[in-house]
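Each ligand, and each atom within it, is numbered from 1 in the order the structure gives. Because only heavy atoms are used, hydrogens play no part in the values below, and waters and symmetry mates are left out as well, while side chains stay in.
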Amino acid sequence: MDRAAVIVAIDGPSGTGKSSTSKAVAAQLGLSYLDTGAQYRAITWWMVTNGIDITDPSAIAAVAGKAEIVSGTDPENPTIAVDGTDVGGPIRTQEVTSKVSAVSAVPEVRALITGLQRSIAASAEKGIVVEGRDIGTTVLPDADLKIFLTASPEARAARRSGELKGADVNATREALLKRDAADSSRKTSPLAKADDAVEVDTSELTLQQVIECVVTLVEEKRDAK
Ligand SMILES: Nc1ncnc2c1ncn2[C@@H]1O[C@H](COP(=O)(O)OP(=O)(O)OP(=O)(O)O)[C@@H](O)[C@H]1O
Ligand SMILES: Nc1ccn([C@H]2C[C@H](O)[C@@H](COP(=O)(O)O)O2)c(=O)n1
């Protein structure tokens with residue numbers, strides 16, 4: 001018997017494990033996967049590449065519709081392209097990371113990307129795990145399951161510094177907190193936990209434990225549908 005499609009929203013601050021957890025859960029359960037942070041990074045990359053003044057929200061708003069962003073939703077091989085160019089590497093540079101909060105705070109950018117996210121979720125036949133900052137609150141408020149991942153700034157900085165090989169942990173921690181503060185304080189659709197989200201503090205959990213916890217929660221929801 002075919003199982004009903006299940007929609008899972010996973011939100012939380014930077015470095016809490018959203019991408020690693022979401023990809024693994026989607027792969028294990030045969031669901032699609034959408035990294036919405038990659039979409040905001042892709043439009044930021046386009047703005048930078050096209051010389052748009054990212055300190056000017058009206059300049060960003062005026063051209064936001066020109067970038068064609070395409071997300072591949074296979075959890076084993078998620079992809080992101082802008083105007084036909086694979087930008088999976090370039091969107092992870094320090095320059096894009098430092099500018100993405102400003103670009104993603106512009107309401108016109110959020111309206112365009114939110115529309116894209118909803119249409120991708122609606123066309124996922126078996127269901128989808130969508131990760132970001134405002135998925136449970138704004139993009140998919142009717143999601144079957146909402147998870148809000150947290151972790152201490154120290155745990156998150158240690159994880160990121162490990163990834164960035166030799167990066168200073170204190171500087172990494174400050175950069176993470178600065179981006180969280182910008183993402184949480186913007187007017188339109190800030191980073192926030194939905195009232196009906198399950199909060200999971202991952203500070204003391206291994207990635208495998210977090211994955212198992214979320215898989216169990218999804219299976220319970222799916223069985224109840
Ligand atoms: N529970 C965990 N224990 C240890 N390391 C973890 C855990 N969860 C994730 N990690 C590691 O932490 C790093 C950040 O994880 P990930 O990219 O999934 O976080 P994120 O919330 O998606 O971050 P961002 O929002 O900045 O993209 C990765 O190197 C990942 O392997
Ligand atoms: N739903 C989302 C997802 C991401 N953003 C913005 C804010 C983040 O700092 C940035 C990059 O996300 P990451 O790749 O670190 O997950 O994108 C957002 O505003 N809303």
**Prompt:** Using a heavy-atom cut-off of under 4.0 Å, does the side chain or the backbone of Thr21 touch ligand 1, or both, or neither?
**Reply:**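 Looking at Thr21 and ligand 1, no heavy atom falls under 4.0 Å.
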Option set [options], criterion heavy-atom distance to [atom], minimum:
atom	options	value
atom 27 (O) of ligand 1	Lys23, Arg160, Arg179, Glu204	Arg160
atom 18 (O) of ligand 1	Ala38, Ser20, Ala151	Ser20
atom 11 (C) of ligand 2	Arg186, Arg179, Gln117	Arg179

Starting from [atom], locate the nearest protein heavy atom and write down its residue, its atom name and how far away it is, to 0.1 Å.
atom	answer
atom 5 (N) of ligand 2	Tyr40 CD1, 3.6 Å
atom 25 (O) of ligand 1	Lys18 NZ, 2.7 Å
atom 9 (C) of ligand 1	Gly17 CA, 3.7 Å
atom 6 (C) of ligand 2	Ser104 OG, 3.6 Å
atom 29 (O) of ligand 1	Glu163 OE2, 2.8 Å
atom 9 (O) of ligand 2	Asp183 OD2, 2.7 Å
atom 1 (N) of ligand 1	Leu205 O, 2.9 Å
atom 1 (N) of ligand 2	Asp134 OD1, 2.8 Å
atom 11 (C) of ligand 1	Arg159 CD, 4.0 Å
atom 20 (N) of ligand 2	Arg110 NH2, 3.0 Å

Are [X] and [Y] within salt-bridge range, i.e. N to O under 4.0 Å?
X	Y	value
Arg133	Asp35	no
Arg110	Asp134	yes
Asp144	Lys221	no
Glu95	Lys99	yes

Can you confirm, on distance only, whether ligand 2 has an N/O atom lying under 3.5 Å from any N/O atom belonging to [X]?
X	result
Glu131	no
Asp35	no
Thr36	yes
Arg133	yes

**Item:** Residues Asp201 and Ser203: side-chain donor-acceptor under 3.5 angstrom
**Value:**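 Yes.
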**Item:** Pair Ser19-Glu131, side-chain donor/acceptor within less than 3.5 Å
**Value:**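 Their side chains do contain a donor-acceptor pair, which is all the 3.5 Å distance test asks for.
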Do any N or O atoms from the side chain of [X] and from the backbone of [Y] form a donor-acceptor pair under 3.5 angstrom?
X	Y	answer
Asp74	Glu76	yes
Thr138	Ile135	no
Glu219	Thr216	no
Arg156	Ser14	yes

**Asked** In this structure, which one of Leu191, Thr16, Ile10, Val198 forms a side-chain contact (heavy atoms from CB on, under 4.5 Å) with Phe148?
**Response**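 Between Phe148 and the candidates, side-chain contact (heavy atoms from CB on, under 4.5 Å) is satisfied uniquely by Leu191.
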Side-chain contact test, heavy atoms from C-beta onward, threshold under 4.5 Å: evaluate it for [X] versus [Y] and give yes or no.
X	Y	answer
Leu34	Ser71	yes
Leu145	Glu220	no
Arg173	Leu176	no

**Prompt:** Which atoms from ligand 1 have a heavy atom of Thr16 less than 4.0 Å away?
**Reply:**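 Answer, ordered by atom number: 19 (O), 21 (O).
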**Request:** Please could you name the atoms of ligand 1 that Pro13 approaches to less than 4.0 Å, counting only its heavy atoms?
**Result:**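 Those qualifying, in numeric order: 21 (O).
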**Asked** Under 3.5 Å, N or O to N or O, is Ser19 touching ligand 1 that way?
**Response**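 Yes.
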**Request:** Please indicate whether Asn50 has more than 12 foreign heavy atoms, meaning atoms of other residues, nucleotides or ligands, lying under 6.0 Å from its CG.
**Result:**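 Check passes, neighbour count above 12.
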**Prompt:** Would Gly15 count as a contact of ligand 1 if the rule is a heavy atom under 4.0 Å away?
**Reply:**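 Judged by the 4.0 Å heavy-atom criterion, Gly15 does count as contacting ligand 1.
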**Asked** With a 4.0 Å cut-off on heavy atoms, does Arg133 reach ligand 1?
**Response**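 Yes.
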**Asked** How does Arg41 reach ligand 2, if at all, at less than 4.0 Å between non-hydrogen atoms: by side chain, backbone, both, or neither?
**Response**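 Only the side chain of Arg41 comes within reach of ligand 2.
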**Atoms of ligand 2, numbered as shown, that sit under 4.0 Å from any heavy atom of Arg92** =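 With Arg92 as reference, the close atoms of ligand 2 come out as 14 (O).
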**Message:** I need the atoms of ligand 2 closer than 4.0 Å to a non-hydrogen atom of Gly132, numbered in the order shown.
**Reply:**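 That gives atoms 1 (N), 3 (C) of ligand 2.
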